[in-house]
Amino acid sequence: MLSGEVAVLVAGTGGVRSALLHRGRLVQGHAAEVAEQVAAVEAEHRPRWVWWSAGDAARPLVEARVHLARAWDVAEAHRLLHGGFEASPALCWAAVHGLARDSVPAPPGDDLFDLVGAEDLPPDDVLVDARGHLRADHLRWLEDPAHLGAWAEAALTVAHRQLAQAEAVSPRLASTVTSESAAALLCLELERDGLPLDRARTEQLVAEAAGPRTVGDVETTAARRARDETVLRHVPGRESTDLRNPAQVKEMLAAVGVDVPTTRKWVLEAYREVHPVVDALLAWRRDERIATTYGYRWLDAHVGPDDRLRGRWTACDGAAGRMTAENGLHNLPAALRPGVAAHPGHVLVRADLGQVEPRVLAVVSGDTAFAAATRADDLYAPVAQRLGSDRAVAKIAVLAAMYGQRSGAAGEALKGLEAAYPVAMGLLERAAASGRRGEPLRTYGGRLVPTGRFLAARPPGTDPQLDAARGRFARNAVIQGSAAELFKAWAATVRASVRELGASVVLCLHDELLVHVPEEAAAEAVRRVDGSLEAAARRWSGGAPVRFVADTSVVRRWSEAKD
DNA sequence: ATTGCTACGTA
DNA sequence: CGTACGTAGCAATG
């Protein structure tokens, strides 16, 4: 991995200085100057770029629209190797040097630093302190551009050591690091490019839920009262109920004969017929969600003058390693999806993975019988046949096995599954057992998933309910986390393969991709999105006999797609 | 001002 | 509700 051409890019903390280290040559200067050199090195050598983190080093390049193909992101590598989300340079450095994480010195300004700090700092030209850690004040130290060369060398040292550690852990881990590193780069591009909206249509959809835009507190309050009135008119004598206060809502419902333990949606759903206020309340909640979270304030804050919705993206969360996004990019209500639309001259290529989690289970477990079922477009059909049951029962059983669900019909159906696919079910049970013991596990790609994280104060074995929760978490994490790795490998491959079409990935949603494509390139983009899945799945699964499928279509609006 | 809870949107 | 995430409002806590 790091045996080929390598270049290092680091950012200073003094203004906008950065540095590029390539073949022993150090170029440093303002980010814009260095960006030019970076582009030249990329064009000529296409190296693997090493940085402490993409957000830190690559952001100016992404903003300057310099495309970089391959990276080793030290922070992402650290998250994979050691689990969790925290991945500061000091922590990454400590981890590859075998130093305990709680021995990492506190930065200046911290109370602890004032106690033990300043006299432990090394001489001004030295990055590493007497105990082998990065100097505690390295952020301030990096304000001096003279230190950027050492900072780049340190990143390279960490990357090489991470590679060695990765290879010792799992044969797939180094490849996962490069894929996750590309995903981190993609996250910066997603932040830069945003999700194209049809602003007028989106405003119209918001208006349908929240009413027209209001000006000033008086009007806003009046609109709010008008929305509340649609519920309160069903409960004469209780018009003063605060609908935003669950306790008051519960009391109001009790007064009309709806006695519920909580006022949650799935509880109230059963009472729609009992009293008209229930239906009105649920409709109000749906509208209130749009009014408060996805209303005009949201539009004004996060949709740019170029009609693109922007938010921060993270390549992996702290649990199993899914991507996350802010500002509604990952939880936009379905009602607003018609507002997500290609801009003039473009279309959206929308692709989502079909039944990705059971297919991932087939790879992770190496269960040949279960893998055979993935040859079908609908894998639940052959599973049902083997179980001698309905498709619906087969589906519930498979999902229950992966999620640890016990309620409903799942329990009975699971028994047949254990007999039919002992290898796959054995893997899930082993994962659950590690979780119950509070032991970490690794995803297929090698990401360490800690399970002791729930209430560290209460160790495994002291609370059966907590142990069961850890077991469910672990059972799910090995699947969800591995699926996230396949997805990111796919997204990174799409990123690379549609670029020359003038297309770009504009949304990643766990098993779904939206690509913004110039109209004339639509058909070719579809081919490349599908081809990328085949290539990414083959690489990720090591050629396992497991089929992955995508439903790929060309649409103007996100809502046009099925489902 | 921060934290915990309830609630709900997405996968 | 099986898991994960982000966001908002309210109540209780400092």
### Task
Quick one: look up who C:dG2 pairs with, Watson-Crick or G-U, both distances under 3.5 Å, and put none if it's unpaired.
none
Side chain of [X] - closest among [options]:
X: A:W266; options: C:dC5, C:dC1, C:dG9; value: C:dC1
X: A:R244; options: B:dA7, C:dA4, C:dG9; value: C:dG9
X: A:P246; options: C:dA4, C:dC10, B:dA7; value: B:dA7
X: A:T292; options: C:dC1, C:dA8, B:dT10; value: C:dA8

Report which part of the nucleic acid [X] touches: base, sugar-phosphate, or nothing (heavy-atom distance under 4.0 Å, all strands).
X: A:L329; value: nothing
X: A:A325; value: sugar-phosphate
X: A:R475; value: nothing
X: A:A334; value: sugar-phosphate

### Message
Does A:R322 contact B:dA11 through a side-chain donor or acceptor facing the base, at a distance under 3.5 Å?
### Response
yes
Using 4.0 Å as the upper bound for N to carboxylate O, is an ion pair formed by [Y] and [X]?
X: A:R547; Y: A:E534; answer: no
X: A:D193; Y: A:R308; answer: no
X: A:E180; Y: A:R447; answer: yes
X: A:D300; Y: A:R213; answer: yes

For the residue pair [X] and [Y], would you count it as a cation-pi contact if the rule is NZ or CZ under 6.0 angstrom from the ring centre and within 45 degrees of the ring axis?
X: A:R472; Y: A:Y403; value: no
X: A:R172; Y: A:Y444; value: yes
X: A:R386; Y: A:Y421; value: yes

### Message
For the P atoms, the ones on B:dC5 and on C:dC1, what distance do you get once it is rounded to whole angstrom?
### Response
15 Å
In whole Å, I'd like the distance from the [atom1] atom of [X] to the [atom2] atom of [N].
X: A:L282; N: B:dC8; atom1: CG; atom2: P; answer: 8 Å
X: A:R312; N: C:dC5; atom1: CZ; atom2: P; answer: 18 Å
X: A:F85; N: C:dC5; atom1: CZ; atom2: C1'; answer: 12 Å
X: A:H510; N: B:dG9; atom1: NE2; atom2: C1'; answer: 11 Å
X: A:H330; N: C:dC5; atom1: NE2; atom2: P; answer: 13 Å
X: A:L205; N: B:dG9; atom1: CG; atom2: P; answer: 16 Å
X: A:D317; N: B:dA11; atom1: CG; atom2: C1'; answer: 12 Å
X: A:Y294; N: B:dC8; atom1: OH; atom2: C1'; answer: 9 Å

#### Entry: Along DNA chain C (nearest heavy atom to each residue), the more 5'-positioned of A:E326 and A:A320
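Nearest nucleotide further toward 5': that of A:A320.
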Within the structure, does a side-chain N or O atom of [X] lie under 4.0 Å from either OP1 or OP2 of [N]?
X: A:T324; N: C:dA4; result: no
X: A:R472; N: C:dG2; result: no
X: A:R337; N: B:dA11; result: yes
X: A:N331; N: C:dT7; result: no
X: A:K265; N: B:dG9; result: yes
X: A:R264; N: B:dA7; result: yes

### Message
Centroid distance below 5.5 Å plus an interplanar angle below 30 degrees: do A:F473 and C:dT3 meet both conditions?
### Response
no
